[in-house]
Protein chains: 2
Amino acid sequence: MAGTGTNGTVTMNDVALEAGVSIKTVSNVVNDYPHIRPSTRAKVEEAIDKLGYRMNFSARHLRQGRTGIIGLALPELSLPYFAELADSVIRAAEARGIVVLIEQTSGGRQHELDVLTSDRRQLTDGLIFSPLELGPDDAQALKVDYPLVVLGERIFGGDWDHVTMNNVDAARAATQHLIDQGRRRIAVIGAHHGESMGSAALRMLGYQAALAANGIPLDTDLIIEGGLWHRQTGADSTAALLDSGVEVDAIFGLNDAMALGALRTLHARGIDVPGQIAVIGFDDIEDSQYSAPSLSTISPGREQIAETAVDLLLSRIAGDDEPFRRVITDYSVIARESTEA
Amino acid sequence: MAGTGTNGTVTMNDVALEAGVSIKTVSNVVNDYPHIRPSTRAKVEEAIDKLGYRMNFSARHLRQGRTGIIGLALPELSLPYFAELADSVIRAAEARGIVVLIEQTSGGRQHELDVLTSDRRQLTDGLIFSPLELGPDDAQALKVDYPLVVLGERIFGGDWDHVTMNNVDAARAATQHLIDQGRRRIAVIGAHHGESMGSAALRMLGYQAALAANGIPLDTDLIIEGGLWHRQTGADSTAALLDSGVEVDAIFGLNDAMALGALRTLHARGIDVPGQIAVIGFDDIEDSQYSAPSLSTISPGREQIAETAVDLLLSRIAGDDEPFRRVITDYSVIARESTEA
DNA sequence: CCGTGACTTTCTATCGATGTAAATCTACAG
DNA sequence: CTGTAGATTTACATCGATAGAAAGTCACGG
């Protein structure tokens, strides 16, 4: 830490003096400029080690106009799905030499809009955005002048890149899985009534498609509304469902958290899972493996989503001008105890 | 977005030209310098709005020598305890106008050491560090020349600030809670044999103290080792415990994840909780409320830890030279179904 | 011995904002 | 009408690194 500068900081200039070369040569060494005499490189590297020089990123960023930081805006980290998504995104970014600034938008629609124009955008080279509340009406707000990759299917077809899974097909597969186990009275929890483009609506479409394909009539008494997709919602919705007295032999939780909440209520009521009621979720969060019984679910390919999103964003930051892309990742049905035959 | 600069960016200089004042005056307005004529302020603000000016943080940071970013190093976000901790830290930081860069150190001891000297440190004004593997031998590595706040009790008394809960007392309280329910054969899962300063060791001390205080002999057959505190470890340890045939009427999981894993194994084996075996965890992660049965646990006061850590770090960044502090936060026993009378 | 082209290294301006100190402007007492 | 303290505003250097182009070096053919 033996700095030569006025304060404790060692700058490139200090290194240059120590090595007896110009500042630019030090910069060239640090940036792997190809035409440097090995002996010069050695001198510089020695000086760097000796002085303990570290790059001042603010200076580099100022000069280059980039920060090497990308933003990740998501509802909240305490929701396991998003925590795991953040984990994957950070790993993917790290592998590519950039860092991630996480912003939580838990406050609702306005908070989600704010994140798009926040001062923080000035600090990041681009944004990966996973909205929960925005709808088609907010499309205009997403027309921003910085690289943006949107996750999820809330808003289609705008002028931005999109990475998502096929919610409709995946939900159909989940429902089909229940039907294959002989279930016919399949309830859904977490529906959002007025919505047309969100995950809830899309997954409902898949549910309905599966019923139709199997000649099972749709019974609206089996569809339970539920705003926030938290465990408590799942627990409450299931209680309401059971209290309504309607016949049920399976529950499709539109996400794992709600399905886990459902398991909790079923357990409390002494209802056997999957004996009396089978349960399937959606997301494949880590918890689902460890619930009692373990939860069948849909794996959305989180790693793939994260890597794709990061790659896409980085290519935009690098100046890629191709037309906006929509990438659809793979899903798979994970059968566990809660739907065992 | 109507930039005046060469590229699309609007700088303070553009604003100054538009408003007919000097750059410095614009800077003064933006920074709330008190002696500005209201009319001047109005002109500048109007120009800012008109041009859509946004501060270039890299430039400010270069000049000020600070980045306004703090680092948060933790094992991994997919562990619920850390995801929730990160949530709290981000909120606390946001309330104070700074942003958080999360770094995952899941790779083990070396990865934890690396984070302390990483290039990223140059990008942050300080670090909140929650190590999982470092031990007393690594004390030297924690003597860094930037503001550092360490969470947890792995390493005591060094030259850095520390925020932690009282693991010993809290574990004693958890054990006492089981004893109060009439349990005498209390197993512990997640012990770390050779360790002396980590959470595992401290919680074991509390456990032993409670047994001693109640005249219950310590039976080493009831102590199950377990490296990583994941659910799987809890599930496996519990299976091993049951297979060993030793008499057990309660299990103390040294964290919630393991306790939840224990519940899973107990459920699989058809053992009634708490009828045959009571279970208590440690951490009070959100899941614990929703397991079946819901899990009794120790709440470590996560919000308080986060806020304290952020405040402490910020005061160090601001130049606070007081002696290093150790802050101990409050805990509480949360009694739920898994230990019901 | 000199010119030429391929390497290497250095010079100089700049990225955008802020600290310092000096320059201007009031407003009001003398 | 002048001086002066206090309020406002400005000029200028500077934070640390990088782009671009000029300037040196060097080996080699003519």
Side-chain angles (χ1 to χ4, degrees), chain A residues 3-45 47-48 51-69 119 121-123 125 319, chain B residues 3-45 47-48 51-68 119 121-125 319:
Chain A
T4 315
T6 333
N7 50 23
T9 333
V10 181
T11 75
M12 253 184 196
N13 191 44
D14 299 325
V15 176
L17 287 174
E18 173 76 25
V21 299
S22 77
I23 293 191
K24 186 61 204 288
T25 296
V26 177
S27 171
N28 284 337
V29 169
V30 170
N31 292 289
D32 290 319
Y33 177 72
H35 302 302
I36 301 176
R37 197 167 305 163
S39 62
T40 308
R41 177 187 300 280
K43 269 193 306 187
V44 172
E45 283 172 345
I48 287 178
L51 301 180
Y53 166 75
R54 312 303 296 274
M55 168 77 74
N56 178 320
F57 288 103
S58 293
R60 165 184 277 186
H61 295 159
L62 170 59
R63 189 61 239 242
Q64 298 188 326
R66 299 238 191 93
T67 63
I69 305 177
D119 277 348
R121 296 285 65 74
Q122 203 62 23
L123 193 59
D125 295 335
Chain B
T4 314
T6 334
N7 48 24
T9 333
V10 181
T11 76
M12 253 184 197
N13 191 45
D14 299 324
V15 176
L17 287 174
E18 173 74 24
V21 299
S22 76
I23 296 189
K24 187 62 212 277
T25 296
V26 177
S27 171
N28 285 339
V29 169
V30 170
N31 290 290
D32 290 317
Y33 177 73
H35 305 301
I36 300 176
R37 197 166 307 168
S39 61
T40 308
R41 179 188 301 279
K43 269 192 306 187
V44 172
E45 283 171 346
I48 288 177
L51 301 180
Y53 167 75
R54 313 302 298 271
M55 168 77 75
N56 178 319
F57 289 104
S58 293
R60 165 184 276 185
H61 296 159
L62 169 59
R63 190 60 236 241
Q64 298 188 325
R66 297 238 192 91
T67 63
D119 276 347
R121 297 285 63 74
Q122 203 64 24
L123 192 59
T124 57
D125 295 335

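No hydrogens, no waters, no symmetry mates; every other heavy atom, side chains included, goes into these values. Protein chains get the first letters and strands the later ones, always in sequence-line order, with residue 1 at the start of each.
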Acceptor/donor pairs from residues 31-39 of chain B side chains to any protein atom, 3.5 angstrom cut, sequence neighbours excluded:
unit_1	atom_1	unit_2	atom_2	d
B:Asn31	OD1	B:Arg60	NH2	2.8
B:Asn31	ND2	B:Ser27	O	2.8
B:Asn31	ND2	B:Ser27	OG	3.3

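Here the C1' atom of nucleotide C:dG16 and the CZ atom of A:Phe57 are 20 Å apart, to the nearest Å. D:dA19 atom P lies 13 Å from atom NE2 of A:His61, rounded to whole Å. Separating the CG atom of A:Leu123 from the C1' atom of C:dG16 is a distance of 15 Å, rounded to the nearest angstrom. If you take CG of B:Asp32 and C1' of C:dT18, they are 15 Å apart, rounded to a whole angstrom. Atom CG of B:Leu62 is separated from atom P of D:dC15 by 9 Å (rounded to the nearest Å). One can place CG of B:Asn13 at 11 Å from C1' of C:dA17, the figure rounded to the nearest angstrom. Distance, B:Gln64 CD to D:dC15 C1': 11 Å, rounded to whole Å. Computed from coordinates, the A:Met12 CE to D:dA19 P distance equals 10 Å when rounded to whole Å.
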N/O contacts under 3.5 Å, protein versus nucleotides 9-14 of chain D?
unit_1	atom_1	unit_2	atom_2	d
D:dT9	OP1	B:Thr40	OG1	2.2
D:dT9	OP2	B:Arg37	N	3.2
D:dT10	OP2	B:Ser22	N	3.0
D:dT10	OP2	B:Ser22	OG	3.0
D:dT10	OP2	B:Thr25	OG1	2.4
D:dT14	O2	B:Arg63	NH1	2.7

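The rotation axes computed at either terminus of the helix from C:dC1-D:dG30 to C:dG30-D:dC1 lie 70° apart, taking five pairs at each end and rounding to 10 degrees.
For the pair B:Ser27 and C:dA17, the criterion of a side-chain N or O lying under 4.0 Å from OP1 or OP2 is not met.
Using a 4.5 Å heavy-atom threshold, the side chains of A:Leu123 and B:His61 count as touching. When side chains are defined from C-beta on, B:Val44 does not count as touching B:Asn28, because their heavy atoms never get closer than 4.5 Å. Counting heavy atoms from C-beta outward, B:Leu62 and A:Asn56 have side chains that approach closer than 4.5 Å. Contact check for B:Val29 versus B:Val21: no side-chain heavy atoms found under the 4.5 Å cut-off. Considering only heavy atoms from C-beta on, B:Gln122 stays 4.5 Å or farther from B:Thr67 through its side chain. The closest side-chain heavy-atom distance from A:Asp119 to B:Met55 is not below 4.5 Å.
Remark: A:Asp14 CG to A:Thr9 OG1 distance equals 8.5 Å, nearest 0.5 Å. Note: A:Glu18 CD to A:Leu51 CG = 5.0 Å, rounded to the nearest 0.5 Å.
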